[in-house]
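Heads up: the structure comes next, in structure tokens.
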Amino acid sequence: MEAFTTHTGRVVPLRRSNVDTDQIIPAHWLKKVTRDGFEDGLFEAWRKDPEFVLNQPAHSGATVLVAGSDFGTGSSREHAVWALQNYGFKAVISSRFADIFRGNSLKNGLLTVVLPPETVERLWELTEADPTVEVTVDLVERKVLAPGVDAAFELDENARWRLLEGLDDISLTLREADSIAEYEANRPVHKPRTQTV
Amino acid sequence: MGRTLAEKVWDDHVVRRAEGEPDLLYIDLHLLHEVTSPQAFDGLRKSNRTVRRTDLTLATEDHNTPTLDIDKPIADPVSRIQLETLRKNCADFGVRLHPLGDVEQGVVHVVGPQLGLTQPGTTVVCGDSHTSTHGAFGALAFGIGTSQVEHVLATQTLPMSPFRTMAITVNGELPEGVTAKDLILAVIARIGTGGGQGYVLEYRGEAIEKLSMEARMTICNMSIEAGARAGMIAPDETTFAYLRGRENAPQGEDWDAAVEYWKTLRTDADAVFDQEVVIEAGELAPFVTWGTNPGQGAPLSASVPDPATFEDAGERLAAEKALEYMGLSAGQPLRDVAVDTVFVGSCTNGRIEDLRAAAEVLQGRTVADSIRMLVVPGSVRVSLEAVAEGLDKVFTAAGAEWRHAGCSMCLGMNPDQLAPGERSASTSNRNFEGRQGKGGRTHLVSPQVAAATAVLGHLAAPSDLSALSDATPAGV
């Protein structure tokens with residue numbers, strides 16, 4: 001995974017709550033068997049509207065998405081994270097994320113930042129008034145900085161460390177191979193098996 | 001202090017616990033399908049890794065599979081490649097697969113339980129959010145992303161941070177004509193699509209204890225629509241009776257040992273939930289959604305709400321946008337909403353009891369001329385059972401289309417989709433914009449409401465049909 005330390009970029013203010021993963025990347029895109037090439041599918045239905053915020057030239061090249069509460073609800077599709085990254089987003093800010101989406105984002109180095117609704121509103125107002133405003137998402141200091149905004153955010157220490165170092169979860173877990181084998185040796189025999197091997 | 005059901009199952013699966021780190025949890029059953037697994041297998045290949053426990057892994061084809069002409073090559077080349085990729089991956093890595101055309105093929109969350117693989121006290125994961133379905137057995141079951149699929153394939157474990165617990169206590173009995181689907185839609189409307197975020201829900205109380213396994217699966221299935229990590233129901237005699245004798249259920253002495261363990265999987269009397277929601281079953285009625293998320297629902301007897309009455313600004317804006325997308329006006333009675341398509345199926349309501357319920361309503365009646373009705377069994381086994389009972393004949397005689405098993409119109413990855421502007425009454429789980437096809441409009445309903453709606457052409461409950469026949473003069 002690519003490491004994340006700090007990122008500064010312009011913002012796409014997305015004034016919508018309950019942005020579900022079917023909106024982020026519609027199901028017909030999920031037939032692809034790769035992790036890339038999803039950028040054109042990002043918010044595909046909404047992008048048909050020329051007024052949609054992502055279509056506004058002023059926000060072109062922005063790398064931080066600021067959205068309403070309950071971002072990423074619904075399906076577990078990791079394609080939603082890949083689509084945001086393929087499009088160029090490095091971080092997403094919201095007052096609440098769906099659990100599976102949040103987990104997927106942190107495993108891919110897309111930083112998802114939870115800030116209070118008032119701060120989200122402040123960032124919207126700021127970047128709607130002046131789309132050239134830059135926001136810094138600093139994982140080292142656990143802060144979001146913008147003109148007049150200095151907001152601390154929480155992220156559990158372990159997830160933060162993995163992101164900062166860009167660590168591969170599977171390699172970390174495989175260090176515990178002995179513990180896994182020991183657990184397996186003590187599993188009850190009545191547990192289900194899909195086949196005899 | 002006592003522990004909740006969820007905490008007991010969690011504790012029994014901790015491989016490693018260390019201060020300041022997520023617990024490393026062992027996974028008893030890993031289910032796979034074609035959509036969220038190809039990139040995970042690719043990852044294994046790139047790192048030269050194998051599947052650690054092929055005997056705890058099972059794959060089925062469901063999301064892309066057509067429900068017509070299944071004996072012909074799949075028309076969509078991209079879907080075909082995805083299914084072929086799963087077949088190759090399963091062959092290369094030694095994973096048991098039930099492909100299209102196999103008698104055990106079907107929606108992954110229907111297949112696991114019917115094979116007896118989903119058992120109390122197990123941890124079950126799948127790259128699919130509706131994995132919460134399996135919690136109906138007292139399993140800790142949750143959806144994961146593709147990176148986690150790869151992690152489980154390689155290690156049979158997942159690092160997981162602890163969750164909070166929420167009791168959803170449903171007192172009393174469900175009134176006649178009110179189903180598990182109505183109950184869960186009412187729960188989601190009550191706590192909201194983010195209300196369960198960070199929680200495992202435990203459904204309990206008299207109304208839950210009286211439900212069949214299939215009804216319990218419908219409830220746990222939609223826990224994710226309230227934002228929950230998982231939903232669970234304590235195993236009891238209903239659970240044991242369902243499992244006994246199934247292909248992959250324990251046999252002989254193993255069965256006795258298993259049941260002894262399963263009986264310990266109840267929340268202790270002195271356990272404390274982080275939150276509790278109490279629902280009176282007797283107050284519930286058939287429930288439908290009017291908006292574009294599963295929390296935007298109301299009793300069928302109600303009218304489309306006025307967004308101006310929502311106190312929260314975010315909810316008000318969401319309701320305005322939803323009504324605009326759905327083509328509905330505030331104050332319009334929900335019973336007046338005419339639909340074009342009725343879909344009965346999915347991991348939520350595609351099991352035999354669901355098909356029986358819909359068939360019972362349709363028996364001797366016909367689907368309105370304006371309506372296209374699709375009935376898609378959740379698995380081949382469900383389909384065979386329905387045919388043996390003659391349910392397929394009831395559906396086709398009424399004018400509905402009887403299809404092959406799969407996810408179908410729940411998410412429209414195969415050709416079964418809504419056209420732009422088309423409106424459905426659907427027994428599936430999500431009414432998101434465009435979920436069932438670009439521009440499609442979805443109302444989530446129970447199988448009974450779906451069938452009554454098909455007959456009348458507008459949202460309706462079976463009681464509306466009997467009211468009609470009661471009003472028919474004698475001799476006519």
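Below, read A as the first sequence line, B as the second, and so on, with proteins coming before strands; counting in each chain starts at 1. Not measured: the values here are computed from a predicted model.
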Check whether [X] gets within reach of chain B through its side chain, its backbone, both or neither, counting any heavy atom under 4.5 Å.
| X | value |
| --- | --- |
| Ser171(A) | both |
| Ala27(A) | both |
| Phe101(A) | neither |
| Trp46(A) | side chain |
| Arg102(A) | neither |
| Trp82(A) | side chain |

Does [X] [atom1] have over 12 foreign heavy atoms under 6.0 Å away?
| X | atom1 | value |
| --- | --- | --- |
| Glu2(A) | CD | no |
| Lys143(A) | NZ | no |
| Glu157(A) | CD | yes |

So [Y] and [X], do their side chains get closer than 4.5 Å, heavy atoms only?
| X | Y | value |
| --- | --- | --- |
| His151(B) | Lys107(A) | no |
| Leu24(B) | Thr173(A) | yes |
| Gln39(B) | Lys32(A) | no |
| Gln148(B) | Asn104(A) | yes |
| Leu29(B) | Thr194(A) | yes |
| Asp42(B) | Arg35(A) | no |
| Arg430(B) | Ser75(A) | yes |
| Asp169(A) | Ser147(B) | no |

To the nearest 0.5 Å, what is the distance between [atom1] ([X]) and [atom2] ([Y])?
| X | Y | atom1 | atom2 | result |
| --- | --- | --- | --- | --- |
| Arg193(A) | Arg53(B) | CZ | CZ | 5.0 Å |
| Asp12(B) | Tyr183(A) | CG | OH | 6.5 Å |
| Arg52(B) | Ile180(A) | CZ | CD1 | 5.0 Å |
| Glu182(A) | Arg16(B) | CD | CZ | 12.5 Å |
| Glu184(A) | Thr157(B) | CD | OG1 | 9.0 Å |
| His190(A) | Trp262(B) | NE2 | CH2 | 7.5 Å |

Between [options], the one whose heavy-atom pairs under 4.5 Å with chain A are most numerous:
| options | value |
| --- | --- |
| Arg435(B), His63(B), Gln417(B) | Arg435(B) |
| Ile224(B), Leu317(B), Thr57(B), Asn248(B) | Thr57(B) |
| Pro159(B), Ser79(B), Gly194(B), Pro38(B) | Gly194(B) |
| Thr36(B), Val14(B), Leu411(B), Leu56(B) | Leu56(B) |
| Thr155(B), Asp76(B), Leu58(B) | Thr155(B) |
| Ser37(B), Gly198(B), Gly196(B) | Gly198(B) |

Ignoring hydrogens, what is the shortest heavy-atom contact between Gly195(B) and Arg96(A)? Give both atom names and the distance. N-NH2, 4.5 Å

Could you tell me which non-hydrogen atom of Arg187(A) sits nearest to which non-hydrogen atom of Asp28(B), and how far apart they are? NH2-OD1, 2.6 Å

Taking [options] one by one, which has the highest count of heavy-atom pairs under 4.5 Å against chain B?
| options | answer |
| --- | --- |
| Val189(A), Val81(A), Thr34(A), Asp156(A) | Thr34(A) |
| Lys31(A), His79(A), Gln23(A) | Lys31(A) |
| Asn158(A), Asp70(A), Asp22(A), Ile170(A) | Ile170(A) |
| Ser17(A), Gly74(A), Pro26(A), Pro188(A) | Gly74(A) |

Run the side-chain contact (heavy atoms from CB on, under 4.5 Å) check on Asn293(B) and Asp20(A) step by step: do they pass? CA-CA 9 Å; Asn293(B) 73 55; Asp20(A) 59 74; over 6 Å; no

Between Arg229(B) and Ile100(A), does a side-chain contact (heavy atoms from CB on, under 4.5 Å) hold up when you go through it step by step? CA-CA 8 Å; Arg229(B) 284 300 296 163; Ile100(A) 304 178; 3.6 Å; yes

Carboxylate-amine/guanidinium proximity below 4.0 Å for Glu433(B) and Arg16(A): yes

Evaluation steps, side-chain hydrogen bond (donor to acceptor under 3.5 Å, both in side chains), between Asp128(B) and Ser76(A): CA-CA 5 Å; Asp128(B) 192 285; Ser76(A) 65; 5.7 Å; no

Please flag which part of [X] lies under 4.5 Å from any non-hydrogen atom of chain A: side chain, backbone, both or neither.
| X | answer |
| --- | --- |
| Phe142(B) | neither |
| Ile144(B) | backbone |
| Thr122(B) | both |
| Gln251(B) | neither |
| Val149(B) | neither |
| His130(B) | neither |

Do the side chain of Gln195(A) and the main chain of Gly94(B) share a donor and acceptor less than 3.5 angstrom apart? yes

Main-chain N/O of Gln197(B) paired with Asp99(A) side-chain donor or acceptor, under 3.5 Å: no

Salt bridge (Lys or Arg N to Asp or Glu O under 4.0 Å) between Arg49(B) and Asp168(A), intermediate numbers included: CA-CA 14 Å; Arg49(B) 290 173 178 143; Asp168(A) 170 25; 3.5 Å; yes

